[in-house]
There are 2 protein chains.
Amino acid sequence: MNDRKRHVIEKAHQLFIEKGFQTTSIQDILDYSGISKGTFYNYFSSKNQLLMDIFRTTFKKIEIDRNGLLFGKDPGDPEIFISQIELQMTANRENKIVPLFEEVFFSGDKELKQFIEVGQMKILRWFSDRLGDITDDICKPYLLDGAIMLNGILLQNIRFHRKANGEAASLHPVVRYSVTRILNMLEELAQSGEQLVPPEIMDQWLPVSRTEELDWRINIHSVISRMKKLDCNNTDYLKKLDFIEEEILRSSTPRKFLIDSVLLSLATVNKYELDELQALIDENLLEKA
Amino acid sequence: MNDRKRHVIEKAHQLFIEKGFQTTSIQDILDYSGISKGTFYNYFSSKNQLLMDIFRTTFKKIEIDRNGLLFGKDPGDPEIFISQIELQMTANRENKIVPLFEEVFFSGDKELKQFIEVGQMKILRWFSDRLGDITDDICKPYLLDGAIMLNGILLQNIRFHRKANGEAASLHPVVRYSVTRILNMLEELAQSGEQLVPPEIMDQWLPVSRTEELDWRINIHSVISRMKKLDCNNTDYLKKLDFIEEEILRSSTPRKFLIDSVLLSLATVNKYELDELQALIDENLLEKA
DNA sequence: TATATTTTTATACAATCGGTACAAAAAGGT
DNA sequence: ACCTTTTTGTACCGATTGTATAAAAATATA
């Protein structure tokens, strides 16, 4: 990832936070970040792809900070969970994640939509896992219900608490209040035995053991199909891309050295998609000795 | 309200449901409803105003149906409440209210934003009032909290229940489940005494006794200021509009016969705004004998 | 330092969008 | 039959996203 590209992402994010996504034109971004239109479309294939890059970098940072709070602490301590949520929600607010999500979710871009969907599933699974750390084992069948409803009441409580007490009000009491409600609710659910959604289905929504794998494979496919469009008459180029996709998606033990070689021979393409593909592979594909 | 105009509203709503608001162009609407661009802008001053008209007619219908379920029944019966919510949610789904809301809420149009905000506040107050019908009086201080959280868990539960069981799945068990959770929660809140948002603040968000009045007055102002722009050089025309606004907003007993006379003399304007203004006044301003 | 390659810029351009303007035609009322 | 209102068709405006491309600047390489 280029430093300059990172700078553009940062500046564009600032503009989106201030003015919203739709109302910020690409020209605004060019002026504010001091690059030309050509460079912009050399970095990002579209405004939506830029937004996805913003989401990616922001999420990565939030996730690291949030998990850092748990480091060395007791996972069963509800206070840690509350602090983690507070951090997550504060960061979401600062980065206007929710408004940007909603502004763009129904705009027709399938890739963006799926990206957001996966992000929300990850939050849900994290809620579910952490609630499992805190509660008794008898609550297990109701953890997903609890996560879903925690998500719901958190969003609404924060929204209206802010409406009542101003934007600057601390989130801590709201998060504690919401978590307390859900913990009580989980106890009650364990007693009454009422279940709405079975937790197993989460594996279907976002496969547990192979989560990163699946998530990553989806991205591989989308990146490669985008790359194909860049030079769709060059059969040699297309063959190489097909080989990479095939090797990664079909094989249980993809030969990374082969893929790296092919990627190297593609270096002449010199597009940001190649960087993206390389980064994806490096992050997710381990060298098999 | 013109029959033809109603037809356009209906057709446009269909398109918005199928393709979304942003991705449906005005040209699409013109083609699908078989009118010309001139006619469109004779009916609606903008695409956003058309959407507001769609919302208005849809809400009116849903509200009538929903309140009809309570007619002659016991307000304290939770089953009625559940059925009402189910109807509301089903209708919201069919009309894609939530997606349209979210798609358009962050698009910069202040009037549209406020309109949606008021609509959501009305739902919240209805939740709060109906929860008050059902629960014990000791729950009163927590009714707004309950309404807020009911709103939250309903949206999420429905969303993920649909994701798990398909779009066609009945909403009834989900709504019952959600309402049960909130009723239990209200009992628990009454015992622990924890409150997040005091119910009195609802009067501030959406004044109780004068709700319709305020809501209506805001619309009056917005319609009249729009009408002023239509012929901003005709001083006689402007004077009449000012008189109407003044008479409605400043006087505690507006003289409807006077307003009607002035409206009559404005009939030459012949714009959809005049219809809207007349309808607003007829609906909200009672004849003082 | 000189040359080759890649990146960046500036600009023109196409296509589409929401919205305005207006004259001509159609419809409707008296 | 005459006048008014509505509707139509079309041209137009400014702004938008995205493409194309030649020139300029930066960078790597020899």
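In what follows, chains carry the letters A, B, and so on, assigned in the order in which the sequence lines appear, proteins first and then strands, with residues in each chain numbered from 1.
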Does any N or O donor sit under 3.5 Å from an N or O acceptor when you compare the side chain of Lys37(B) with the base of dG9(D)?
no
Gln22(B) atom CD is separated from dT16(D) atom P, nearest whole Å, by 15 Å
Interatomic distance, Asn42(A) CG vs dA25(D) P [rounded to whole Å]:
19 Å
To the nearest Å, give me how far apart CD1 (Ile35(B)) and P (dA27(C)) are.
16 Å
Name the residue closer to the 5' end of DNA chain C, choosing between Gly38(B) and Lys47(B) according to the nucleotide with the nearest heavy atom.
Lys47(B)
What distance separates Ile9(B) CD1 from Phe16(B) CZ, expressed to the nearest 0.5 Å?
10.5 Å
Could you check how far CZ of Phe40(B) sits from P of dC17(C), rounded to whole Å?
14 Å
Thinking salt bridges, do Glu167(A) and Arg93(A) make one under a 4.0 Å N-O criterion?
yes
Thr39(A) side chain near dT9(C) phosphate (N/O to OP1/OP2, under 4.0 Å):
yes
From NE2 of His7(B) over to P of dT7(D), roughly how many Å is that when rounded to an integer?
13 Å
Just checking, Lys47(B) and Phe21(B): is the charged tip under 6.0 Å from the six-membered ring centre and within 45° of the axis?
yes
Roughly how far apart are Ile35(A) CD1 and Lys11(A) NZ, rounded to 0.5 Å?
12.0 Å
From CG of Asn48(A) across to P of dT16(D) the rounded distance in Å is 17 Å
Are any of Tyr41(A)'s side-chain N or O atoms less than 4.0 Å away from OP1 or OP2 of dT8(C)?
no
Do Gln49(B) and Glu111(B) pass the side chain to side chain donor-acceptor pair (under 3.5 Å) test, and can you show the C-alpha distance, the side-chain angles, and the key distance before you say yes or no?
CA-CA 9 Å; Gln49(B) 284 295 326; Glu111(B) 201 180 347; 3.2 Å; yes
Would you kindly compare Phe21(B) and Tyr43(A) by the position of their nearest DNA chain C nucleotide and give the one closer to the 5′ end?
Tyr43(A)
Could you tell me how far apart Asp31(B) (CG) and dT8(D) (P) are, to the nearest whole angstrom?
12 Å
Whole Å only: how far is the NZ atom of Lys5(B) from the P atom of dT6(D)?
12 Å
Taking only side-chain N and O atoms of Arg4(B), does any of them lie within less than 4.0 angstrom of OP1 or OP2 on dT7(D)?
yes
